[in-house]
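Reading through the structure tokens given below for one structure.
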Amino acid sequence: MMRLLFMLLSFALLSCGSGGGEKVTKSVEVKQQPVTTSAPVFNADSAYLYVERQVAFGPRVPNSAAHKACGDYLASELGRFGAKVYQQEATLTAYDGTKLEARNVIGSFDPDNDKRILLFAHWDSRPYADHDPDPAHHRTPIDGADDGASGVGALLEIARIVGQTAPATGIDIIFFDAEDYGTPEFVDTYTPDSWCLGAQFWAKNPHVPNYSAEYGILLDMVGGADATFFKERQSLKAAAPIVEMVWGAARDLGYGKYFINATGGAITDDHQYVISGRNIPCIDIINYDPDSRTGFAGYWHTRKDNMENIDRQTLKAVGQTLLEVIYNR
Ligand code: AHN
Ligand code: ZN
């Protein structure tokens, strides 16, 4: 939203020439360049600490003590920032029949506002490093610093800011559970819909009856150094104007090296179920590498998905872009 500012400046000019004493008042109208009100500043150090804090619990694999402790932490942080907090618990069935004690953690700001934006990320971490170069570690849980914690860390920083300075729109932040318990590479059984279990549950059982939002934005793997966010295909299909608006905001802020003006692959992710289940147009901001075998960074689903890959500059590019969208577009 552009605002033109017209400033009427009055100058009281006092002449000081000889034989003066005469007072002259001059009025000038100054038309400024069009300006956008600047969005609040996204603090990348703060976001980095939120990522680090999650990783410090250990892998957030459902049914583990680290998972429980981190879930409590996320709910407590959202509450501290002034959100109305919902904790949605469910027992979900994994690809191998394991019952997962899952919890979606939800924070609503300005809950009575009819105009809403939904921001989401998954907070669980993968139980398997099934893409690790060492097969002996394919069943080792991962830190998930990027895959999981980065999106949540960026959203916690946004929650802190939204709690301080209310935007015109209501904001819902959902941390989905059990996104990353999908069928591992080392089993050959095919289980449809084994990923994104928390989002699938929420889409059928929203925290508020008939919940809707103008649009949704998913953050997935938004902390890696030199990340590249391509326009993901399902996002373009369901929400092309939102993709263009977000990529445009990023470009205007100087983050075009992260937000690539090109189409990437179609990715099965939490946004898919929010689109299909709730009919909300959603986009996925996800680090995508068109030249890699998996489509993702080399450390994806390996033991190397740890804090060493987390770069404040990437968190800043994503977080500041989101604030621009929330406050100005
Ligand atoms: C699949 O691997 C099918 N989709 C990627 C979703 C994902 C996993 N995002 C993070 N981890
Ligand atoms: Zn993953």
Separation of Tyr299 OH from Asp143 CG (nearest 0.5 Å): 12.5 Å

Could you tell me whether the side chain of Asp289 reaches within less than 4.5 Å of the side chain of Trp300, counting heavy atoms only? no

Distance check, rounded to the nearest 0.5 Å: Asp305 atom CG versus Ile142 atom CD1? 4.5 Å

Side chains of Asp96 and Thr183: closer than 4.5 Å at any heavy-atom pair? no

Distance col, row Thr140:OG1 vs Asp134:CG, nearest 0.5 angstrom, shows 8.0 Å

Does Leu218 belong to the same Ile/Leu/Val/Met/Phe/Trp/Tyr cluster as Ile285, with side-chain heavy atoms less than 4.5 Å apart forming each link? no

Does Ile267 offer a backbone N or O that forms a donor-acceptor pair with the side chain of Glu232 under 3.5 Å? yes

Tell me, yes or no, whether the heavy-atom count around Glu308 atom CD, taken from other residues, nucleotides or ligands under 6.0 Å, exceeds 12. no

For the residue pair Lys231 / Asn261, report whether a side-chain donor-acceptor contact shorter than 3.5 Å exists. yes

Close side-chain approach of Leu219 to Ile217, heavy-atom, < 4.5 Å: yes

To check you understand the geometry: which heavy-atom pair defines the closest contact between Ser46 and Glu157, and what is its length? OG-OE1, 2.6 Å

Evaluate the side-chain contact (heavy atoms from CB on, under 4.5 Å) criterion for residues Asp147 and Phe296: first the C-alpha distance (whole Å), next the side-chain angles of each, then the deciding distance (0.1 Å), finally the verdict. CA-CA 10 Å; Asp147 192 355; Phe296 303 117; over 6 Å; no

Could you pull out the closest heavy-atom pair between Leu253 and Gln320, with the gap in Å? CD1-O, 3.7 Å

Do Val246 and Ile275 share a hydrophobic cluster, counting only Ile, Leu, Val, Met, Phe, Trp and Tyr and linking them when any side-chain heavy atoms are less than 4.5 Å apart? no

Side-chain (Thr314) to main-chain (Val222) donor-acceptor, under 3.5 angstrom: no

Check the angle between the aromatic planes of His301 and His131 and answer parallel, tilted or perpendicular using the 30° and 60° thresholds. tilted

State, yes or no, whether a side-chain contact exists between Trp195 and Gln200 at a heavy-atom distance under 4.5 Å. no

Between Asp177 and Arg60, is the closest basic N to carboxylate O distance under 4.0 Å? no

With the side chain counted from C-beta on, respond yes when Arg126 and Pro184 share a heavy-atom pair under 4.5 Å apart, and no when they do not. yes

Can you check whether Asp132's main-chain N or O pairs, donor with acceptor, with His138's side chain at less than 3.5 Å? yes

For His137 and Arg303, which I'm curious about, is there any donor-acceptor pair between the side chains at under 3.5 Å? yes

Fit a plane to each ring of Phe259 and Trp247, take the angle between them on a 0 to 90° scale, and name the class: parallel (under 30°), tilted (30 to 60°) or perpendicular (over 60°). perpendicular

With a 6.0 Å cut-off on ring centres, are Tyr288 and Phe229 close enough? no

CD/Glu77 to SG/Cys70 distance, rounded to the nearest 0.5 angstrom? 10.0 Å

Is there a side-chain contact between Leu78 and Leu156, using heavy atoms and a 4.5 Å cut-off? yes

Does the side chain of Arg80 come within less than 4.5 Å of Val85's, by heavy atoms? no

For the pair Phe176 and Phe120, evaluate ring pair (Phe, Tyr, Trp, His ring centres under 6.0 Å) and give the outcome as yes or no after the intermediate values. CA-CA 7 Å; Phe176 284 121; Phe120 53 113; 5.7 Å; yes

What is the minimum heavy-atom distance between Ala238 and Pro281, and which atoms define it? O-CB, 3.5 Å

What is the minimum heavy-atom distance between Lys84 and Pro111, and which atoms define it? CD-CG, 4.3 Å

Is atom CG of Asp114 surrounded by more than 12 heavy atoms (other residues, nucleotides or ligands) closer than 6.0 Å? no

Side chain proximity check, Val61 to His67, heavy atoms < 4.5 angstrom: no

What I want to check is whether the side chains of Asp124 and Tyr181 have a donor and an acceptor closer together than 3.5 Å. no

At their closest point, which heavy atom of Gln272 faces which heavy atom of Thr268, and how far apart are they? OE1-CA, 3.3 Å

Taking NZ, NE, NH1 and NH2 as the nitrogens, is one of them in Asp252 or Arg329 under 4.0 Å from a carboxylate oxygen of the other? yes

Ile161 pairs by side chain to side chain contact (heavy atoms under 4.5 Å, CB included) with which of Val41, Leu323, Ile171? Leu323

One pair to check against side-chain contact (heavy atoms from CB on, under 4.5 Å): His207 and Ser108. What are the steps and the verdict? CA-CA 10 Å; His207 62 292; Ser108 290; 4.0 Å; yes

Taking NZ, NE, NH1 and NH2 as the nitrogens, is one of them in Arg233 or Asp284 under 4.0 Å from a carboxylate oxygen of the other? no

Examine Arg160 relative to Phe81 and say whether NZ or CZ is less than 6.0 Å from the centre of the six-membered ring and inside a 45° cone about the ring axis. no

Take Lys304 and Asp146 through the test salt bridge (Lys or Arg N to Asp or Glu O under 4.0 Å) and record every step on the way to the result. CA-CA 10 Å; Lys304 284 225 162 76; Asp146 196 23; over 6 Å; no

Can you name the nearest heavy-atom pair linking Leu315 to Gly223, along with the distance? CD2-CA, 4.0 Å

At what distance, to the nearest 0.5 angstrom, does CG of Asn287 lie from CZ of Phe230? 9.5 Å

Intermediate values then yes/no, ring pair (Phe, Tyr, Trp, His ring centres under 6.0 Å), Trp202 and Tyr273: CA-CA 9 Å; Trp202 176 85; Tyr273 297 97; over 10 Å; no

With side-chain contact (heavy atoms from CB on, under 4.5 Å) as the criterion, how do Asn306 and Val55 come out once you've worked through the C-alpha distance, each side chain's angles and the decisive distance to 0.1 Å? CA-CA 8 Å; Asn306 57 32; Val55 171; over 6 Å; no

Carefully, step by step, assess Tyr50 and Val152 under the rule side-chain contact (heavy atoms from CB on, under 4.5 Å). CA-CA 8 Å; Tyr50 295 134; Val152 171; over 6 Å; no

Does Arg116 come within less than 4.0 Å of Asp172, counting only side-chain N to carboxylate O? yes

Does one side chain, of His271 or Asp269, offer a donor that lies under 3.5 Å from an acceptor on the other? no

Enter the distance from Arg312:CZ to Phe42:CZ here, rounded to the nearest 0.5 Å. 11.5 Å

So does Gln87 have more than 12 non-hydrogen atoms from other groups sitting under 6.0 Å from CD? yes

Heavy-atom neighbours of Asp45 CG exceed 12 at 6.0 Å: yes

So does Arg53 have more than 12 non-hydrogen atoms from other groups sitting under 6.0 Å from CZ? no

Would you say Tyr86 and Asn104 are linked by a side-chain donor-acceptor pair, where the criterion is simply a distance under 3.5 Å? no

Shared hydrophobic cluster, Val243 / Leu119 (ILVMFWY, side-chain heavy atoms < 4.5 Å): yes

Applying salt bridge (Lys or Arg N to Asp or Glu O under 4.0 Å) to Asp226 and Lys257, what does each step give before you reach the verdict? CA-CA 8 Å; Asp226 303 316; Lys257 95 172 176 90; 3.3 Å; yes

